[in-house]
Amino acid sequence: MIEIVIIIALIALMARFLPSLILLSQFSYPNAKFSAIENKFLKEKELTKLLECKNLEELKNNVISRDFIIEGENVKEMQESIEKSLIKLLLMAKNDSPKKVRDFYDAYMEKIDAEKLKRAIRSLLEEKEIEEKAYSQKIKNIIEKLKKADREQAELILKEYGYEIDFEKSIEEIEKEIDKKAIERLLSAELPKNCRKARDKFVGILIDILNLKTIFRGKYYGMDIEKILLDGGWEISEWQIKELLKLTSIPEIISTLEGASYFASLRQAITDFEKEGVIALERALDKHLLKVANEIANEFTLNIGPGIRFIVEKEFEARNLMAIVKAVGEGMQEEAKKVLVME
């Protein structure tokens with residue numbers, strides 16, 4: 001009788017924990033692979049070397065990487081090749097990962113393409129030709145439809161895909177709706193229970209950073225920003241946002257953030273802010289996001305944590321390379337240094 005009870009108990013334990021153990025084992029290969037892939041285009045030495053190139057041909061010859069293959073004869077073609085390389089890396093990460101987490105990678109690609117949707121809408125409102133090329137299926141479909149639409153039709157198309165957009169509103173409010181949908185998509189991505197905390201922490205901190213960037217830009221340029229802030233966040237609550245909005249001085253806002261993880265990065269950027277403007281604070285926040293992605297990888301090393309770090313790093317590497325291509329092509333190397341994000 002006792003033996004039967006023990007056997008039943010063991011079966012119950014196996015039924016409870018075996019699925020989780022199987023899922024953990026499925027992360028071992030992709031996570032080891034992600035950790036083995038270098039992030040050389042986040043390193044100051046490598047980026048400085050590329051900025052010293054005298055022309056685009058020299059730049060192409062100096063980008064030696066298995067991850068990013070730069071092709072083309074002009075800035076636009078070369079930037080498009082970098083984007084294609086980034087999408088290939090994201091698809092590789094998705095396909096190497098367990099099936100149960102692949103929806104998150106699709107959501108992240110939509111988050112990247114959200115910037116293309118913003119630019120497509122700006123072109124439509126300015127009655128310019130839409131040239132954006134998206135890679136995620138949803139945003140790709142929307143942009144292709146917008147290319148054939150007039151202003152009234154475009155609003156209906158966007159509503160069909162869940163965007164509550166009114167072209168009578170400011171461009172900032174329109175873009176806030178796009179950011180909001182990108183965040184909602186990340187938070188609703190299908191994930192196993194043991195992966196959701198890593199995702200929720202990352203997205204919550206992303207919301208905080210987007211809101212802080214908006215507040216700094218609003219205060220710096222004298223903009224009304226209350227309607228374009230995002231709900232949610234990891235460390236900064238709604239009441240804290242309201243308190244920050246009451247302040248007029250950016251250094252005072254930074255001081256008020258003491259106790260939050262963002263404080264140290266922003267305090268260190270004050271000197272650069274005084275010389276460069278708000279872009280220095282945005283760069284500090286982007287660098288902080290890289291640090292957070294690394295922390296999440298270490299905290300959630302047996303599930304999706306290393307995957308989050310990998311795609312965040314590759315997105316920033318692509319952004320750095322595209323900025324350098326533009327800088328070398330247009331002779332703006334000094335300006336490019338202000339937007340490069342390094343570890």
Side-chain angles (χ1 to χ4, degrees), residues 67-95 97 99 101-190 203 206 210 228 230 311-312 314-319 321-323 325-326 329:
D67 296 339
F68 292 97
I69 310 300
I70 300 187
E71 299 172 328
E73 302 302 320
N74 55 50
V75 169
K76 182 180 178 183
E77 290 175 358
M78 290 171 68
Q79 287 183 327
E80 286 179 355
S81 72
I82 294 167
E83 285 186 337
K84 288 178 182 176
S85 293
L86 173 61
I87 295 303
K88 284 182 181 178
L89 289 164
L90 294 181
L91 289 172
M92 178 271 289
K94 170 188 170 181
N95 293 330
S97 296
K99 289 182 180 179
V101 303
R102 291 179 183 175
D103 189 46
F104 176 78
Y105 292 95
D106 288 334
Y108 200 86
M109 279 189 272
E110 289 181 24
K111 175 250 179 196
I112 291 174
D113 274 347
E115 296 304 315
K116 294 178 177 291
L117 180 56
K118 291 177 187 179
R119 292 197 291 270
I121 290 173
R122 280 182 179 267
S123 295
L124 185 141
L125 294 177
E126 294 169 5
E127 298 183 349
K128 296 178 181 178
E129 183 180 355
I130 297 174
E131 298 180 349
E132 299 300 324
K133 295 179 182 177
Y135 294 94
S136 61
Q137 196 57 54
K138 176 184 173 182
I139 307 297
K140 184 177 180 180
N141 290 343
I142 295 173
I143 290 178
E144 287 305 310
K145 290 182 179 181
L146 291 180
K147 287 179 179 179
K148 304 169 187 174
D150 59 25
R151 187 182 174 112
E152 187 176 341
Q153 292 168 333
E155 271 194 11
L156 294 174
I157 290 167
L158 290 163
K159 284 183 170 60
E160 177 187 336
Y161 283 90
Y163 295 92
E164 295 300 321
I165 285 177
D166 179 355
F167 287 153
E168 296 303 316
K169 292 184 177 180
S170 69
I171 190 65
E172 290 80 14
E173 289 177 273
I174 291 170
E175 292 186 349
K176 182 236 180 170
E177 174 66 13
I178 294 171
D179 285 335
K180 176 185 170 185
K181 290 300 178 187
I183 293 294
E184 287 176 357
R185 176 71 178 92
L186 286 168
L187 288 172
S188 65
E190 291 184 19
V203 177
L206 180 62
L210 290 172
I228 58 175
L230 297 165
I311 59 179
V312 171
K314 292 305 164 188
E315 182 184 6
F316 276 111
E317 282 190 278
R319 282 172 49 179
L321 284 172
M322 286 191 282
V325 166
K326 183 175 177 64

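Note that this is a predicted model, so its numbers are computed, not measured.
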Q. Can you list the residues that meet the side chain to side chain donor-acceptor pair (under 3.5 Å) rule with E129, with sequence neighbours excluded?
A. none

Q) Between CG of L124 and CG of L146, what distance do you get to the nearest 0.5 Å? A) 6.0 Å

Q. Which heavy atom in Y105 sits nearest to a heavy atom in I311, and how many Å separate them?
A. CE2-CG2, 3.7 Å

Q: Look at the side chain of K176 and the backbone N and O of L230, then say whether any donor-acceptor pair between them is shorter than 3.5 Å.
A: no

Q: Working to the nearest 0.5 Å, report the span between CD1 of I130 and CG of L117.
A: 9.0 Å

Q) With a cut-off of 6.0 Å (strictly less than), are more than 12 heavy atoms of other residues, nucleotides or ligands near NZ of K133? A) no

Q. Got more than 12 heavy atoms from elsewhere within 6.0 Å of NZ, K118?
A. yes

Atom pairs and distances, donor-acceptor, side-chain atoms in residues 181-190, under 3.5 Å, two or more places apart:
{"unit_1": "K181", "atom_1": "NZ", "unit_2": "G162", "atom_2": "O", "d": "3.1"}
{"unit_1": "K181", "atom_1": "NZ", "unit_2": "E184", "atom_2": "OE1", "d": "3.4"}
{"unit_1": "R185", "atom_1": "NE", "unit_2": "E110", "atom_2": "OE1", "d": "3.4"}
{"unit_1": "R185", "atom_1": "NE", "unit_2": "E110", "atom_2": "OE2", "d": "3.4"}
{"unit_1": "R185", "atom_1": "NH1", "unit_2": "D103", "atom_2": "OD2", "d": "3.2"}
{"unit_1": "R185", "atom_1": "NH2", "unit_2": "D103", "atom_2": "OD1", "d": "2.8"}
{"unit_1": "S188", "atom_1": "OG", "unit_2": "E184", "atom_2": "O", "d": "2.9"}
{"unit_1": "S188", "atom_1": "OG", "unit_2": "R185", "atom_2": "O", "d": "3.3"}

Q: Applying salt bridge (charged side-chain N to carboxylate O under 4.0 Å, His left out), name anything that partners K169, two or more places apart in sequence or on another chain.
A: none

(Q) Using the salt bridge (charged side-chain N to carboxylate O under 4.0 Å, His left out) criterion, which residues pair with E144? Sequence neighbours excluded. (A) K147

(Q) According to side-chain contact (heavy atoms from CB on, under 4.5 Å), who are the partners of E315, at least two apart in sequence or on a separate chain? (A) Y108, K111, I112, R319

Q.
Please enumerate all residues that pass side-chain contact (heavy atoms from CB on, under 4.5 Å) together with K88, with sequence neighbours excluded.
A. none

Q) Taking only residues two or more places apart in sequence or in another chain, which ones pass salt bridge (charged side-chain N to carboxylate O under 4.0 Å, His left out) with E168? A) R151

Q: Supply the atom-to-atom distance I174 CD1 to E177 CD, rounded to the nearest 0.5 angstrom.
A: 10.0 Å

Q: Please name all residues satisfying side-chain contact (heavy atoms from CB on, under 4.5 Å) with K148, sequence neighbours left out, ordered by chain then number.
A: none

Q) Are the side chain of D113 and the backbone of S136 linked by a donor-acceptor contact shorter than 3.5 Å? A) yes

Q | S97 side chain to R102 backbone, donor-acceptor under 3.5 Å | A | no

(Q) Please enumerate all residues that pass side chain to side chain donor-acceptor pair (under 3.5 Å) together with E160, with sequence neighbours excluded. (A) K145

Q: Taking atom CD of E126 as the centre, report whether more than 12 heavy atoms of other residues, nucleotides or ligands fall under 6.0 Å from it.
A: yes

(Q) E152: which residues meet the salt bridge (charged side-chain N to carboxylate O under 4.0 Å, His left out) condition with it, sequence neighbours left out? (A) none

Q: Dump the intermediate steps for side-chain contact (heavy atoms from CB on, under 4.5 Å) on M109 and L91, then the final yes or no.
A: CA-CA 9 Å; M109 279 189 272; L91 289 172; 3.6 Å; yes

Q. Has the side chain of E175 got a donor or acceptor atom that lies under 3.5 Å from a matching backbone atom of E172?
A. no

Q: For Q79, check side-chain contact (heavy atoms from CB on, under 4.5 Å) against everything at least two apart and list the hits.
A: V75, M322, V325, K326

Q: Take Q137 and N141, measure what side-chain contact (heavy atoms from CB on, under 4.5 Å) needs, and give me the verdict at the end.
A: CA-CA 6 Å; Q137 196 57 54; N141 290 343; 3.0 Å; yes

Q. Taking only residues two or more places apart in sequence or in another chain, which ones pass side chain to side chain donor-acceptor pair (under 3.5 Å) with E83?
A. K116

